[in-house]
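One structure is given below, encoded as structure tokens.
In this chain, numbering begins with 1 at the start of the sequence shown.
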Amino acid sequence: MTQQPLSTVRRKATMYAGLGSAVAGTVAGAVFAAQWFSGVWNGTPYPVAAPAATAQRLDERTQAVYDELGLSHATLDRDWPGGMDAGGYDCHPVGLRHFFDNLRDTPTSEPQVVDVHNDWALKGVSLDEAVPALERVRAALTGRGWTVTEYRRTSSLLEMRLKAPGSSDRVTIESYPGNRLQVAASADCARYPAGTPLDSAGNPRLPHPQAPSVLRG
């Protein structure tokens, strides 16, 4: 058998090594692409959170706002159609595979996924009083790491939206006709754990709101 020159052997070894690296790179790239597409196709799963705990946290967020409003003369509007709520109407299936379903006028809600809301209103707060009250809230809460994401003021409207530090929790303060001032908080959609207590309508049971505690009686 004819022995190949050492230089030829080396060239072949280098070529085979390069081919091996190319194949390995192609396989790794294909695996990465498959994983990426699977993630896009199926979407990021909703986080898991107990709705009752979320509701309590939002209640505390609105209490923090009330404490800084400085409207001691205002009273709780007990006819306000708000309160604590956990609904899944805005929580749709995730991922590209549900793209066309989510474009429908009434897209499907993801089972066992809800977003929690809490809101109440004060009455006896004129727009002139609400403006400095919101400024007090802005100064106090931004000093604690909150972020003002939106502020609107017109001759008939006053609205401020804030985001809590280290969280996606949102709080909105908004004026309404009749000298009313709404304080509302909301959290992102989350899947509730198995065994979560449900009410007669099949929604997670939530604690009764406490804020603003000094006006609940």
Side-chain angles (χ1 to χ4, degrees), residues 39-40 42-71 76 80-95 98 102 107 109-122 130 133-153 158-176 181-199 203-216:
V40 172
N42 294 307
T44 302
Y46 283 109
V48 177
T54 302
Q56 182 177 358
R57 186 179 70 244
L58 295 181
D59 203 32
E60 293 169 356
R61 304 286 197 205
T62 64
Q63 181 67 54
V65 168
Y66 175 80
D67 291 341
E68 303 302 337
L69 283 171
L71 298 170
L76 185 65
W80 184 258
M84 201 80 76
D85 175 69
Y89 180 80
D90 293 324
C91 303
H92 309 303
V94 297
H98 297 290
N102 290 336
S109 297
E110 179 72 8
Q112 297 183 329
V113 174
V114 296
D115 53 340
V116 181
H117 301 264
N118 176 32
D119 75 280
W120 42 264
L122 301 174
L134 265 64
E135 289 301 325
R136 288 191 289 270
V137 171
R138 183 209 292 265
L141 295 190
T142 54
R144 300 179 207 165
W146 290 61
T147 303
V148 175
T149 60
E150 186 176 351
Y151 183 84
R152 292 192 300 160
R153 178 183 174 186
L158 179 65
E159 180 184 32
M160 183 164 67
R161 298 177 182 270
L162 306 101
K163 188 171 77 68
S167 170
S168 60
D169 293 350
R170 302 166 297 279
V171 176
T172 300
I173 313 169
E174 185 174 358
S175 62
Y176 277 82
L181 188 69
Q182 179 200 40
V183 179
S186 61
D188 286 343
C189 296
R191 185 176 302 279
Y192 55 81
T196 296
L198 305 178
D199 59 22
N203 298 318
R205 291 180 182 172
L206 302 177
H208 292 295
Q210 301 299 310
S213 57
V214 296
L215 302 180
R216 291 287 175 181

Do the non-hydrogen side-chain atoms of Tyr66 and Val214 ever get within less than 4.5 Å of each other? yes
So, do Leu162 and Ile173 sit near enough that their side-chain heavy atoms are less than 4.5 Å apart? yes
Between Arg205 (side chain) and Thr196 (backbone), is there a donor-acceptor pair under 3.5 Å? no
Distance check, rounded to the nearest 0.5 Å: Lys163 atom NZ versus Thr149 atom OG1? 8.5 Å
Can you tell if the side chain of Leu206 reaches within under 4.5 Å of the side chain of Asn118, non-hydrogen atoms only? no
Heavy-atom closest pair, residues Ser168 and Asp188: OG-OD2, 2.9 Å
If you define the side chain from C-beta out and look only at heavy atoms, does anything of Leu141 sit under 4.5 Å from Val171? no
Just so I know, are the side chains of Val114 and Asn203 near enough to count as touching, which here means a heavy-atom distance under 4.5 Å? no
Indicate the atoms forming the closest heavy-atom contact of Pro193 with Val48, along with that distance. CG-CG1, 3.9 Å
Heavy-atom count around Arg216 CZ within 6.0 Å, excluding the residue itself: above 12? yes
Gln112 side chain to Glu110 backbone, donor-acceptor under 3.5 Å: no
Donor on one side chain, acceptor on other, Arg170 and Ser186, under 3.5 Å: yes
Taking only residues at least two apart or on different chains, which pairs with a member in residues 46-58 satisfy side-chain hydrogen bond (donor to acceptor under 3.5 Å, both in side chains)? Arg57-Asp169
Salt bridge or not between Arg136 and Glu68? Use side-chain N to carboxylate O under 4.0 Å. no
Return the set of residues passing side chain to side chain donor-acceptor pair (under 3.5 Å) with Glu174 (not counting sequence neighbours), or none when no residue passes. none
So, the side chain of Thr62 versus the backbone of Val183: is there a donor-acceptor pair under 3.5 Å, distance only? no
OG1-CG distance between Thr172 and Asp119, expressed to the nearest 0.5 angstrom: 9.5 Å
Distance-only donor-acceptor check, side chains Gln63 and Asp67, under 3.5 Å: yes
Indicate yes or no: at least one non-hydrogen side-chain atom of Ser167 is less than 4.5 angstrom from one of Arg61. yes
Between Val113 and Tyr192, is any pair of side-chain heavy atoms under 4.5 Å apart? no
Is any side-chain heavy atom of Leu198 closer than 4.5 Å to one of Pro204? yes
Distance (rounded to the nearest 0.5 Å) between Tyr176 OH and Glu159 CD: 7.5 Å
